[in-house]
2 protein chains.
Amino acid sequence: MGNRLNGFGDCSIEVERACPIELTLHIIGGKWKGVIINILSKKDTRFNELKRLIPGISQRMLTLQLRELEADGIVKRKVEETIPIKVGYSLTHQGESLTPIIQSMRMWGNDYISKNE
Amino acid sequence: MGNRLNGFGDCSIEVERACPIELTLHIIGGKWKGVIINILSKKDTRFNELKRLIPGISQRMLTLQLRELEADGIVKRKVEETIPIKVGYSLTHQGESLTPIIQSMRMWGNDYISKNE
DNA sequence: CTGCATCCGCGATGATACTG
DNA sequence: CAGTATCATCGCGGATGCAG
C-alpha cells in the first residue's frame with residue numbers, strides 16, 4: 001500500500017508542505033469516489049446495488065474505483081460464497097474517518113449552489 | 001458561472017442526492033487546485049510566485065487552474081498596470097470558506113501517512 | 001512578467017462482449 | 001451476481017514558441 005504514496009514524498013512547497021492535501025485529494029478525488037464513500041458511509045452495499053445507486057457509472061469504472069479505494073485502505077470487500085456470489089462493500093475505519101470531510105463538502109456544495117442559484 | 005453546475009443537476013442518487021459532494025470535488029479536485037487554494041489561504045500571491053512555490057506545475061496548467069478557480073468564484077485576480085505587468089491572486093469569500101475543508105484534508109492526509117508510514 | 005496558441009502523447013473512461 | 005478482457009476514444013496535461 002505504501003507504494004501509492006510515491007510521487008508525494010518529494011514535493012517541496014516552501015510556504016508549507018501541502019502534500020497531505022494532494023494525497024487526500026488523490027485518494028478521494030476520483031470521478032466517483034466521493035459518491036461511493038458517501039453511500040458506504042450510510043450502509044454496507046453490494047456491487048450491483050452500488051451500480052444501481054450511481055446512475056451513469058459503468059461496471060468497469062465501478063470496479064476500478066472500488067479496487068483503488070480498497071488498495072488505499074478506505075474500503076473493505078467481503079465475498080459471500082453463495083451461488084450466485086454476493087460481494088459486500090463497506091468502509092474501513094480509515095474510510096469512516098473520511099466522512100466528516102465528505103459531509104463538510106456536501107454542506108459547502110449545497111451552500112455554493114444556493115449562492116450561485 | 002451557473003453553467004458550470006450543468007451536469008450535476010440531473011444526477012439522482014436514491015440514498016441521497018450526493019451531487020453537492022461531486023460539485024465540491026469538481027471545484028477543488030483539479031490536479032493542483034488544492035495546493036493553490038492552500039497557498040492563497042496564507043497570503044495573496046503573484047503568478048510567478050505561485051509557479052515558484054509549486055514545483056512541477058507547468059505555466060500552462062497554472063494558468064488553466066487559476067482560470068477555472070476564478071470562473072468558479074473561488075479566486076480573485078487583480079492586475080497591477082505596471083511595466084512589466086503584475087498579477088496578484090487571492091481567495092474570494094467563497095474561496096476562504098473552503099479553507100476549513102482544505103485543513104481537514106491536510107490533517108487527514110498527515111494522519112494517513114503516519115498510519116501507513 | 002504574465003500569459004495564449006499549438007502540437008501531441010498518453011492515460012482515463014466508455015462500450016461491448018465474455019466468464020465463473 | 002460480480003466481475004474480466006478488449007478495443008476505441010477523448011480530453012488532460014506537458015513542451016515549446018510567441019506576444020503584450
Side-chain angles (χ1 to χ4, degrees), chain A residues 3-4 6-8 10-11 18 22 25-36 39-40 43-72 75-90, chain B residues 3-4 6-8 10-11 14 22 25-37 39-40 43-72 74-90:
Chain A
N3 48 352
R4 291 191 66 78
N6 287 341
F8 292 95
D10 60 340
C11 84
E22 292 303 300
L25 236 27
H26 189 253
I27 290 177
I28 69 178
K31 192 173 180 184
W32 307 92
K33 291 183 184 174
V35 217
I36 293 175
I39 293 176
L40 293 185
K43 63 186 284 283
D44 297 5
T45 313
R46 287 188 303 106
F47 186 85
N48 270 9
E49 213 177 343
L50 277 170
K51 209 176 80 178
R52 186 174 52 81
L53 290 173
I54 312 178
I57 196 173
S58 66
Q59 206 165 34
R60 169 194 160 81
M61 278 312 293
L62 180 53
T63 303
L64 288 178
Q65 301 272 295
L66 284 170
R67 289 289 177 279
E68 285 189 28
L69 289 171
E70 196 186 354
D72 286 332
V75 154
K76 232 176 335 190
R77 184 169 177 274
K78 195 182 58 185
V79 180
E80 258 182 78
E81 293 295 355
T82 57
I83 294 182
I85 268 184
K86 296 183 180 181
V87 180
Y89 289 94
S90 58
Chain B
N3 49 351
R4 290 192 65 78
N6 287 341
F8 291 95
D10 61 339
C11 85
E14 293 187 23
E22 292 303 300
L25 236 26
H26 189 254
I27 289 178
I28 69 178
K31 191 173 181 183
W32 307 93
K33 291 183 184 175
V35 217
I36 293 175
I37 295 174
I39 293 176
L40 293 185
K43 62 187 283 282
D44 296 5
T45 314
R46 285 190 304 105
F47 185 85
N48 268 10
E49 213 176 344
L50 276 171
K51 207 177 82 178
R52 186 175 53 81
L53 291 173
I54 312 178
I57 195 172
S58 66
Q59 209 164 36
R60 168 194 160 82
M61 278 313 294
L62 180 53
T63 303
L64 289 178
Q65 301 273 296
L66 285 170
R67 288 291 176 279
E68 286 190 28
L69 288 171
E70 197 185 353
D72 286 333
I74 307 301
V75 155
K76 234 176 332 190
R77 184 168 177 273
K78 195 181 58 185
V79 182
E80 260 182 76
E81 293 294 356
T82 58
I83 295 183
I85 269 184
K86 296 183 181 181
V87 180
Y89 290 94
S90 58

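Excluded from the calculations below are hydrogen atoms, water molecules and symmetry mates; all remaining heavy atoms, backbone and side chain alike, are included. Everything numeric in this text was worked out from a predicted model, so none of it was measured. To find a chain, count down the sequence lines: A is the first, B the second, and so on, and within it residues start at 1.
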Participant: Mind calculating the distance between CD1 (Ile85(A)) and C1' (dT19(C)) to the nearest angstrom?
Facilitator: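 Result: 12 Å.
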Participant: Whole-Å distance between dA15(C) P and Met61(A) CE?
Facilitator: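 Going from CE in Met61(A) over to P in dA15(C) covers 12 Å.
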Participant: Pick the nucleotide of DNA chain D nearest each of Arg60(A) and Val87(A); which residue has the one closer to the 5' end?
Facilitator: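 Looking at DNA chain D, the more 5' nearest nucleotide goes with Val87(A).
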Participant: What is the distance, to the nearest angstrom, from the CZ atom on Arg67(B) to the C1' atom on dC4(C)?
Facilitator: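 So the CZ-C1' distance, Arg67(B) to dC4(C), works out to 9 Å.
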Participant: Tell me whether the OP1 or OP2 atom of dT2(C) has a side-chain N or O from Arg46(B) closer than 4.0 Å.
Facilitator: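 So the side-chain polar atoms of Arg46(B) do come within 4.0 Å of the phosphate oxygens OP1 or OP2 of dT2(C), strictly under.
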Participant: Taking atom CD1 of Ile36(B) and atom OG1 of Thr45(B), what is their separation to the nearest 0.5 Å?
Facilitator: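 The distance works out to 10.0 Å.
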Participant: Starting from C1' on dA2(D), measure out to NZ on Lys51(A) and report it in whole angstrom.
Facilitator: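 Nearest whole value for this atom pair: 9 Å.
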Participant: Leu66(A) CG to dT13(C) P: how many Å, rounded?
Facilitator: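 Computing the Leu66(A):CG to dT13(C):P distance gives 14 Å.
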Participant: Where is the tightest heavy-atom contact between Ser90(B) and Asp44(B), given as atom of each residue plus distance?
Facilitator: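 It is CB-OD1, 3.3 Å.
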Participant: For the pair made of CH2 in Trp32(B) and C1' in dG14(D), what is the distance, rounded to whole Å?
Facilitator: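 My rounded result for the distance is 11 Å.
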Participant: Could you tell me the separation between the NZ atom of Lys31(B) and the C1' atom of dG11(D), rounded to a whole number of Å?
Facilitator: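 From Lys31(B) NZ to dG11(D) C1': 14 Å.
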Participant: At under 4.0 Å, does any side-chain N or O of Tyr89(B) touch on OP1 or OP2 of dC1(C)?
Facilitator: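 False: Tyr89(B) side-chain N/O out of range (4.0 Å or more) of dC1(C) OP1/OP2.
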Participant: Any Lys/Arg nitrogen of Arg46(A) or Glu80(A) sitting under 4.0 Å from an Asp/Glu carboxylate oxygen of the other?
Facilitator: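 Salt bridge: no.
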Participant: Considering just the side-chain nitrogens and oxygens of Arg77(A), establish if one lies under 4.0 Å of OP1 or OP2 belonging to dG3(D).
Facilitator: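 Yes.
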Participant: Between Ile57(A) and Pro84(A), which residue's closest nucleotide on DNA chain C lies nearer the 5′ terminus?
Facilitator: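 Final value for this comparison: Ile57(A).
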Participant: Work out which heavy atom in Leu40(A) is nearest to a heavy atom in Tyr89(A); give both atom names and the distance.
Facilitator: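 Here Leu40(A) and Tyr89(A) meet closest at CD2-O, 3.5 Å.
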Participant: When the distance from CD of Gln59(A) to P of dC1(D) is rounded to whole Å, what number comes out?
Facilitator: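 These atoms are roughly 10 Å apart.
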